[in-house]
Amino acid sequence: MGGAPIYGAFSNVILTLTLLFFSSSLALHGSGRAGGGSAGQINSNSILVALLDSHYTELAELVEKALLLQTLEEAVGKHNITIFAPKNEALERDLDSEFKRFLLEPRNLESLQALLLSHIIPSRIDSVSWPESAESTRHGTLSEGHHLNLSREGTGEKAVDRARVIHPDALARPDGVIHGIERLLVPQSVQDDFNNRRSLRSITAVKPEGAPEVDPRTHRLKKPAPPTKPGSPPALPIFDAMAPGPSLAPAPAPGPGGPHHHFDGEAQVKDFIHTLLHYGGYNEMADILVNLTSLASEMGRLVSEGYVLTVLAPNDEAMAKLTTDQLSEPGAPEQIMYYHLIPEYQTEESMYNAVRRFGKVKYDTLRLPHKVMAQEADGSVKFGQGDGSAYLFDPDIYTDGRISVQGIDGVLFPSEAIVVKSEKMFSPAKVVTKPRRGKLLEFTCRILGTFGKHAQFTSC
């Protein structure tokens, strides 16, 4: 018994000290007691103090939570009591978790009080006064309308109802005795309350269903999406889940880690941005993601919904070459960043193996419908074409299975944008020429000029 784990020992010590203080204050008025006395008087040798200071810590904690201290003080003040205390394992490990949760709910306080009071008989029954025959004797408890049957088995072991007494006379005091029993005694009334609550919850806990949705293209009711297995990838492509508008992707797929067992996209995006800052040389990229655009929050939402991303991060030297005209147009920073986000999880090894095997590989980007082309060059991976190309400069800056960050030494632009830009730079100057006149018109103007009438015709 001495080696039993102490749970809630601090609260029990506080309660013991409180009762000791209460008893000492009563003793000042000359009202000591031995074995019984008037109501409202408790001394340090009381069975109630012994219970709170015993190794039956689980039972003592339940008595405290059930707000039964005042009731037990009054009971001890009136007569001797007998407490049947279940062992800690019976309340901590053996008790059904759902039933224990039911008892600890504030709305079920009366059920918890009835359960605990049904373990207390308002009379002293120690081992000497235990019935000797196999026939059980019936004794009323502090719980109204509830009785306990005490008996002795053929082997001589004592029993109370269906529980075996494993520690008879575990604690004995002048005003009561405690017997240790192997299991919790559950009155039928408490069991009925629990069953009613559980059946009511199973009836009322119906998941709400929203109003049916109509497909605007077909004007028919949309069919609900089939259930997905936990951890499966989203059913819709990533482009359907992007802003603007609410996400069309299914609910977040449960993933490893996290308090809710889902992918924590926001934390992962913050982590990779901090990694960029600590890595050095990518401060401009981190600044654009956080301050100039809303991409950081959108990337976090996409990762939380089960999508994966590969970020081609231009270094600070490459970002410094961007001109004011390239960033001044509305939405330009977002479009530049979208072209550097690949909706796949790629590492330096996977991309290099792909270009080694296939020569040129085109990856989708979040800037629809543009793709970024990758090819092998100088033992590395080269993205883009011509002057708008960039090399894989710092591979695998950040890889966590959901987000991959690859450092490059240039800012990428779609090939169409490069062509339009070159056409604007080298467009020839327009030459204004007079419309060419036909020979018949020239002959007519010459004749009119002979008579001095050609000024009347604008064509001449």
Side-chain angles (χ1 to χ4, degrees), residues 233 237-238 268-269 271-289 295-296 299 302-303 307-323 326-327 332-422 425:
I238 190 172
Q268 290 177 272
V269 171
D271 191 23
F272 102 75
I273 292 178
H274 290 162
T275 303
L276 282 179
L277 295 175
H278 291 301
Y279 193 88
Y282 294 90
N283 296 335
E284 296 294 332
M285 175 71 176
D287 185 63
I288 288 180
L289 285 175
L295 282 178
M299 290 171 63
L302 292 174
V303 174
Y307 297 100
V308 293
L309 293 171
T310 297
V311 183
L312 303 179
N315 55 20
D316 290 344
E317 183 179 353
M319 297 294 288
K321 297 179 183 179
L322 291 175
T323 63
Q326 292 173 324
L327 295 174
E334 287 86 351
Q335 294 301 321
I336 293 175
M337 291 297 103
Y338 276 132
Y339 191 63
H340 291 75
L341 299 179
I342 299 175
E344 302 176 24
Y345 186 78
Q346 296 288 342
T347 62
E348 184 265 345
E349 181 181 4
S350 64
M351 289 190 292
Y352 184 71
N353 290 338
V355 297
R356 280 284 305 271
R357 181 178 181 182
F358 301 106
K360 293 183 180 180
V361 179
K362 288 186 177 182
Y363 294 104
D364 290 327
T365 67
L366 296 190
R367 182 177 176 180
L368 292 174
H370 303 292
K371 302 182 182 225
V372 60
M373 189 184 70
Q375 57 185 327
E376 182 188 9
D378 302 328
S380 181
V381 182
K382 177 183 176 182
F383 300 96
Q385 296 177 340
D387 296 336
S389 60
Y391 284 86
L392 183 58
F393 191 70
D394 290 318
D396 297 339
I397 296 177
Y398 179 87
T399 52
D400 66 353
R402 310 299 302 174
I403 301 176
S404 171
V405 181
Q406 308 294 327
I408 57 178
D409 61 355
V411 180
L412 300 174
F413 291 92
S415 57
E416 292 82 353
I418 297 176
V419 172
V420 173
K421 178 181 176 182
S422 60
M425 293 177 59

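Just so you know, these numbers use all the heavy atoms, side chains as well, and skip hydrogens, waters and symmetry mates.
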| Contacts of type side chain to side chain donor-acceptor pair (under 3.5 Å), residue K371, not counting sequence neighbours | D364
| Is any side-chain heavy atom of T275 less than 4.5 Å from a side-chain heavy atom of V405? | no
| said: Just so I know, are the side chains of M285 and M337 near enough to count as touching, which here means a heavy-atom distance under 4.5 Å? | reply: yes
| query | Of all heavy-atom pairs between I273 and A296, which one has the smallest distance, and what is that distance? | reply | CD1-CB, 4.2 Å
| Heavy-atom closest contact (G410 atom, A318 atom, distance) | CA-CB, 3.4 Å
| Heavy-atom side-chain proximity of V311 to L276 below 4.5 angstrom | no
| query | From I403 CD1 over to I397 CD1, what is the distance, rounded to the nearest 0.5 angstrom? | reply | 13.5 Å
| query | Is there side-chain contact between L368 and Y338, with heavy atoms separated by less than 4.5 Å? | reply | no
| message | Please determine whether side-chain contact (heavy atoms from CB on, under 4.5 Å) holds for the pair E284 and L322, giving the CA-CA distance in whole Å, both sets of side-chain angles, and the decisive distance to 0.1 Å. | response | CA-CA 11 Å; E284 296 294 332; L322 291 175; over 6 Å; no
| What residues form a side chain to side chain donor-acceptor pair (under 3.5 Å) with Y398, not counting sequence neighbours? | D271, D400
| request: Kindly write out the residues that satisfy side chain to side chain donor-acceptor pair (under 3.5 Å) with Q335, not counting sequence neighbours, or none if the list is empty. | output: R367
| field | Closest non-hydrogen atom pair, Q326 against A332 | value | O-CB, 3.2 Å
| note | d(L302 CG, L366 CG) to nearest 0.5 Å is 7.0 Å
| message | Between V355 and K360, does the side-chain contact (heavy atoms from CB on, under 4.5 Å) criterion hold? Intermediate values first, please. | response | CA-CA 6 Å; V355 297; K360 293 183 180 180; over 6 Å; no
| field | Side-chain heavy atoms of L289 within contact of M299, under 4.5 Å | value | yes
Using distance only, find each side-chain donor-acceptor pair of residues 341-352 under 3.5 Å and give its atom names and separation, not counting sequence neighbours.
unit_1	atom_1	unit_2	atom_2	d
E344	OE1	Q346	NE2	2.8
Y345	OH	G401	N	3.1
Q346	OE1	S350	OG	2.7
T347	OG1	S350	N	3.3
T347	OG1	S350	OG	3.4
S350	OG	T347	N	2.8
S350	OG	T347	O	2.9
Y352	OH	R356	NH1	3.4
Y352	OH	E376	OE2	3.2

| query | Under the side-chain contact (heavy atoms from CB on, under 4.5 Å) test, which residues partner A377, sequence neighbours left out? | reply | K382, Y391
| task | Using the side chain to side chain contact (heavy atoms under 4.5 Å, CB included) rule, pick out the option among V411, L412, I288 that qualifies with I336. | result | V411
| query | Is any side-chain heavy atom of K362 less than 4.5 Å from a side-chain heavy atom of V372? | reply | no
| query | In this structure, which one of D316, N315, D394, D287 forms a side chain to side chain donor-acceptor pair (under 3.5 Å) with Y282? | reply | D394
| If every non-hydrogen atom of H370 is compared with every non-hydrogen atom of T365, which pair is closest and at what distance? | O-OG1, 2.7 Å
| remark: Output for pair (H340 NE2, F413 CZ), nearest 0.5 Å, gives 7.5 Å
| Which atom names give the shortest non-hydrogen contact between Y363 and A354, and what distance separates them? | OH-CB, 4.0 Å
| Taking the side chain as C-beta and beyond, is there a heavy-atom pair between F383 and L392 under 4.5 Å? | yes
| field | Approximate separation, where rounding is to 0.5 Å, of Q406 CD and F393 CZ | value | 13.5 Å
| remark: Residue set satisfying side chain to side chain donor-acceptor pair (under 3.5 Å) with N283, at least two apart, ordered chain then number -> none
